[in-house]
Asks: 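Here it is, the structure, as structure tokens.
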Amino acid sequence: MKLDEIGRHAREVGRKTTYPITSADRLVDALGGDHASARIGTKDHKVGEVRQIPAAYFPIESESDFIAKITHVLVLNGEPLEDQMTRGTASDSLPTSAGSPPNMPPLQPRGVPSAIGWK
């Protein structure tokens, strides 16, 4: 499974419902219902399998939260994860909507605690 596959599913879910997704039922509906299937990696998964996700994974707050939580569930269930995504396009400049970086004070160096005298 590649992370961009999970990202594609997250975008599809975002088009069919709104975040936060508060339950497995809402996620199943957004993925096409119990009998639909979704290909992730080399396997087809029944959307109804989503109901096996522990309640602690909900709510899913955003697209990035969807990617993190679903990837975690798949890895726990033995899906191999490829650590690369499909290549995007390179850019030499920030988007115009990026804005300015925050005004933060410079970091001050701090000493390292001494282990002398520890027993």
Side-chain angles (χ1 to χ4, degrees):
M1 130 186 84
K2 287 187 178 182
L3 291 176
D4 60 345
E5 291 176 323
I6 305 298
R8 183 174 41 82
H9 290 296
R11 286 185 297 280
E12 288 174 15
V13 165
R15 285 191 291 272
K16 295 178 183 174
T17 191
T18 57
Y19 290 101
I21 298 171
T22 56
S23 68
D25 290 335
R26 270 194 64 206
L27 184 54
V28 167
D29 290 343
L31 289 168
D34 281 307
H35 301 292
S37 63
R39 180 168 285 272
I40 299 174
T42 59
K43 295 181 183 178
D44 286 328
H45 294 270
K46 288 284 185 191
V47 170
E49 293 174 21
V50 166
R51 295 188 196 287
Q52 297 173 17
I53 296 174
Y57 282 81
F58 294 94
I60 298 173
E61 299 290 341
S62 64
E63 187 176 298
S64 59
D65 195 32
F66 176 96
I67 293 168
K69 288 177 177 175
I70 298 302
T71 300
H72 187 246
V73 167
L74 290 169
V75 168
L76 289 175
N77 286 321
E79 283 280 342
L81 176 65
E82 294 181 31
D83 63 352
Q84 48 188 303
M85 297 180 76
T86 303
R87 292 187 62 88
T89 57
S91 176
D92 293 331
S93 61
L94 293 172
T96 56
S97 62
S100 299
N103 187 11
M104 296 176 61
L107 294 176
Q108 299 296 322
R110 297 182 181 204
V112 177
S114 173
I116 297 172
W118 283 15
K119 293 183 181 182

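Values below: all heavy atoms of this structure, side chains included; hydrogens, waters and symmetry mates excluded.
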Asks: About how many Å separate CD of Glu5 and CD1 of Ile70, when rounded to the nearest 0.5 Å?
Replies: 14.0 Å
Asks: Indicate yes or no: at least one non-hydrogen side-chain atom of Lys46 is less than 4.5 angstrom from one of Glu49.
Replies: yes
Asks: For a quick test of your reading: what N or O donor-acceptor pairs under 3.5 Å do the side chains of residues 7-15 make, sequence neighbours left out?
Replies:
| unit_1 | atom_1 | unit_2 | atom_2 | d |
| --- | --- | --- | --- | --- |
| His9 | NE2 | Arg39 | O | 3.2 |
| Arg11 | NH1 | Gly7 | O | 3.3 |

Asks: Between Leu27 and Thr17, is there a side-chain heavy-atom distance shorter than 4.5 Å?
Replies: no
Asks: Measuring only between side-chain heavy atoms, which start at C-beta, is Thr22 closer than 4.5 Å to Phe58?
Replies: no
Asks: For Ser62, which residues count as a side-chain contact (heavy atoms from CB on, under 4.5 Å) partner, sequence neighbours excluded?
Replies: Ser64, Asp65
Asks: Do Ile53 and Val50 touch side chain to side chain, with heavy atoms closer than 4.5 Å?
Replies: yes
Asks: Can you name the nearest heavy-atom pair linking Thr71 to Ile67, along with the distance?
Replies: OG1-O, 2.6 Å
Asks: According to the salt bridge (Lys or Arg N to Asp or Glu O under 4.0 Å) rule, which pairs have a member within residues 23-33, sequence neighbours left out?
Replies: Asp25-Arg51
Asks: Suppose we screen for side chain to side chain donor-acceptor pair (under 3.5 Å). Which residues come up paired with Glu61, at least two apart in sequence or across chains?
Replies: none
Asks: Just to verify, what does Val47 make a side-chain contact (heavy atoms from CB on, under 4.5 Å) with, not counting sequence neighbours?
Replies: Val28, Leu31, Ala36
